[in-house]
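The chains referred to below are lettered A, B, ... by the order of the sequence lines, with proteins before strands, and numbering in each begins at 1.
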There are 2 protein chains.
Amino acid sequence: MIQSLNEHNREDLQEALGKGGQKLTPQREVVFAVLLAQRDHPTVDEVFNRARESMPGLSLATVYNCLETFVGCGLVRQVNHERESTRYCPNLAPHAHFRDKETGQVHDIELPPEVMKSLRSILPPGFDSEVIEISFLGRTKAYDPLHSN
Amino acid sequence: MIQSLNEHNREDLQEALGKGGQKLTPQREVVFAVLLAQRDHPTVDEVFNRARESMPGLSLATVYNCLETFVGCGLVRQVNHERESTRYCPNLAPHAHFRDKETGQVHDIELPPEVMKSLRSILPPGFDSEVIEISFLGRTKAYDPLHSN
DNA sequence: CTTGCGGTTTAGATTCATTCTAACTCATTA
DNA sequence: TAATGAGTTAGAATGAATCTAAACCGCAAG
Ligand SMILES: [Mn+2]
Ligand SMILES: [Mn+2]
Ligand SMILES: [Zn+2]
Ligand SMILES: [Zn+2]
């Protein structure tokens with residue numbers, strides 16, 4: 001359960017924070033390590049509870065602060081599904097999110113460049129988009145290759 | 001400013017409510033009329049304030065109730081952008097939403113069937129999606145056909 | 001060293017959209 | 001006329017997120 005970053009990830013974190021004019025702190029390290037350790041799109045409370053295991057004095061406010069800082073530095077994305085608590089995702093590749101209606105689990109769905117292009121192409125002239133968010137809601141069944149056609 | 005439904009829309013509303021086991025009420029008529037009159041994706045408070053002009057005794061709780069009922073009957077979609085207040089949209093055609101970062105305005109973006117298909121195609125086997133939400137965030141410039149190439 | 005500074009962290013208060021509760025209204029039916 | 005039950009209402013409660021002000025801490029100047 002001990003959350004710590006390897007050298008490589010710590011350097012990445014430090015560099016990204018530096019570019020955003022922010023410092024590396026023990027709290028930020030722990031919170032970032034939590035995000036990397038289990039990529040299940042945790043809520044703030046989930047991050048808080050996991051991070052407290054390695055840093056018991058950590059406060060909820062600091063988790064909010066750290067995550068906001070990471071988003072500002074482009075290290076992490078916020079994931080919103082309807083009115084639920086915000087979730088956090090350290091996957092920087094272009095991807096959509098799929099939420100399983102039954103389990104509540106959130107899965108990353110890779111977004112091929114050609115799909116991105118077709119999406120951008122639906123914008124009328126004069127519409128200039130920086131961010132596209134795509135979220136699916138549905139169910140996941142275990143995939144059985146033997147019984148798929 | 002008086003909000004009332006024409007015969008055609010009232011019938012549509014009554015039919016859709018009926019299918020969902022719900023009744024047509026004066027409050028529901030006014031709230032639905034507000035949504036049809038100005039398709040700017042109003043928040044609950046905006047709907048409330050507009051609807052009160054034709055029905056002063058209307059309560060905020062009822063606006064929440066009516067909108068929830070409409071969503072349940074498939075008459076209206078909820079539109080979420082990040083953590084902002086939920087907005088409501090009576091456009092039942094498949095479409096995405098574009099939010100202007102500067103004005104806050106939300107625009108409908110038509111979703112051609114082939115884009116829907118390409119989107120569905122990115123789901124891995126076993127992922128079955130009922131709802132796809134697509135939202136753009138960006139800026140809109142007035143489009144000048146003379147100076148576009 | 002010692003002090004001051006500024007960014008960070010912290011606990012707790014506050015905000016505010018949304019949901020909940022319980023009383024009331026009112027049309028329909030027994 | 002009375003009972004029923006869906007719908008409406010005002011206000012209370014909820015809870016994620018934000019705000020506030022004090023404490024903390026690394027660092028640099030004196
Ligand atoms: Mn790297
Ligand atoms: Mn019609
Ligand atoms: Zn993700
Ligand atoms: Zn819309």
Side-chain angles (χ1 to χ4, degrees), chain A residues 3 13-14 16-34 41-49 51-52 54-73 75-88 99 104 106, chain B residues 3 13-14 16-34 41-52 54-73 75-88 104 106:
Chain A
Q3 304 289 355
L13 175 59
Q14 184 154 32
L17 287 170
K19 279 185 191 163
Q22 309 283 140
K23 295 172 183 170
L24 184 59
T25 69
Q27 288 85 350
R28 285 171 180 167
E29 262 190 63
V30 169
V31 170
F32 195 61
V34 163
H41 304 85
T43 61
V44 174
D45 270 295
E46 285 163 348
V47 173
F48 178 47
N49 288 316
R52 264 199 297 192
S54 25
M55 187 180 272
L58 183 68
S59 77
L60 178 60
T62 297
V63 176
Y64 273 100
N65 292 339
C66 289
L67 292 170
E68 183 186 28
T69 299
F70 296 159
V71 171
C73 294
L75 278 163
V76 162
R77 279 175 54 184
Q78 285 185 318
V79 180
N80 295 296
H81 275 105
E82 283 146 31
R83 300 262 90 210
E84 296 189 351
S85 304
T86 302
R87 295 175 176 277
Y88 290 84
R99 186 163 55 99
V106 176
Chain B
Q3 304 289 354
L13 174 59
Q14 184 154 32
L17 287 170
K19 279 185 190 164
Q22 308 283 142
K23 294 172 183 170
L24 184 59
T25 68
Q27 288 85 351
R28 285 172 182 168
E29 262 190 63
V30 169
V31 171
F32 195 60
V34 163
H41 305 86
T43 63
V44 175
D45 270 296
E46 286 165 345
V47 172
F48 178 47
N49 288 317
R50 293 176 199 175
R52 264 199 297 193
S54 25
M55 187 180 271
L58 184 69
S59 76
L60 178 60
T62 296
V63 176
Y64 272 100
N65 292 340
C66 288
L67 293 170
E68 182 186 28
T69 299
F70 296 160
V71 171
C73 293
L75 278 162
V76 162
R77 281 175 53 183
Q78 285 185 318
V79 180
N80 295 296
H81 275 107
E82 282 145 33
R83 299 262 93 210
E84 296 189 350
S85 304
T86 303
R87 296 176 176 275
Y88 290 84
V106 176

From [X] atom [atom1] to [Y] atom [atom2], the distance as rounded to the nearest 0.5 Å:
X	Y	atom1	atom2	answer
B/L67	B/R28	CG	CZ	11.0 Å
A/T25	A/Q14	OG1	CD	11.0 Å
A/Q22	A/F70	CD	CZ	10.0 Å

Would you mind reading off the distance between [X] atom [atom1] and [N] atom [atom2], rounded to a whole angstrom?
X	N	atom1	atom2	answer
B/E46	C/dC16	CD	C1'	15 Å
A/F32	C/dT8	CZ	C1'	19 Å
A/E68	D/dT18	CD	P	7 Å
B/L24	C/dT28	CG	P	12 Å
B/R52	D/dA10	CZ	C1'	13 Å
B/K23	C/dT29	NZ	C1'	11 Å
B/L17	D/dA6	CG	C1'	13 Å
B/Q14	D/dG7	CD	P	13 Å

Worksheet item: How do B/S59 and B/G21 order along DNA chain D: which one's closest nucleotide is nearer the 5' end?
Response: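 Upstream on the strand: B/G21.
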Identify the two heavy atoms, one from [X] and one from [Y], that lie closest to each other, and give their separation to 0.1 Å.
X	Y	answer
A/L13	A/E29	CD2-CA, 4.0 Å
B/N80	A/E82	ND2-CA, 3.4 Å
B/V76	B/Y88	CG1-CD2, 3.8 Å

Discussion item. Determine whether a donor-acceptor pair (N or O, by modelled atom type, separation under 3.5 Å) exists between the side chain of A/E46 and the backbone of A/T43.
Written reply: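 Indeed, once roles are kept as given, a pair shorter than 3.5 Å links the two residues.
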Practice prompt. Could you check B/V30, B/V63, B/L60 and say which one makes a side-chain contact (heavy atoms from CB on, under 4.5 Å) with B/V47?
Written response: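 Answer after filtering B/V30, B/V63, B/L60: B/V63.
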All N/O pairs under 3.5 Å across the protein-nucleotides 12-14 of chain C interface:
none

Worksheet entry | More than 12 heavy atoms of other groups within 6.0 Å of B/E68 CD | no
Check nucleotides 15-17 of chain D for protein N or O atoms closer than 3.5 Å to its own N or O atoms and list the pairs.
{"unit_1": "D/dA17", "atom_1": "OP1", "unit_2": "A/T86", "atom_2": "N", "d": "3.0"}
{"unit_1": "D/dA17", "atom_1": "OP1", "unit_2": "A/T86", "atom_2": "OG1", "d": "2.6"}
{"unit_1": "D/dA17", "atom_1": "OP1", "unit_2": "B/R83", "atom_2": "NH1", "d": "3.2"}
{"unit_1": "D/dA17", "atom_1": "OP2", "unit_2": "A/Y64", "atom_2": "OH", "d": "3.2"}

Discussion item. Please tell me if B/T62 has a side-chain N or O lying less than 4.0 Å from either OP1 or OP2 of D/dT8.
Written reply: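 Negative; the distance criterion is not met.
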Worksheet item: Between D/dG7 and B/Q22, is there an OP1 or OP2 to side-chain N/O distance shorter than 4.0 Å?
Response: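 Result: yes.
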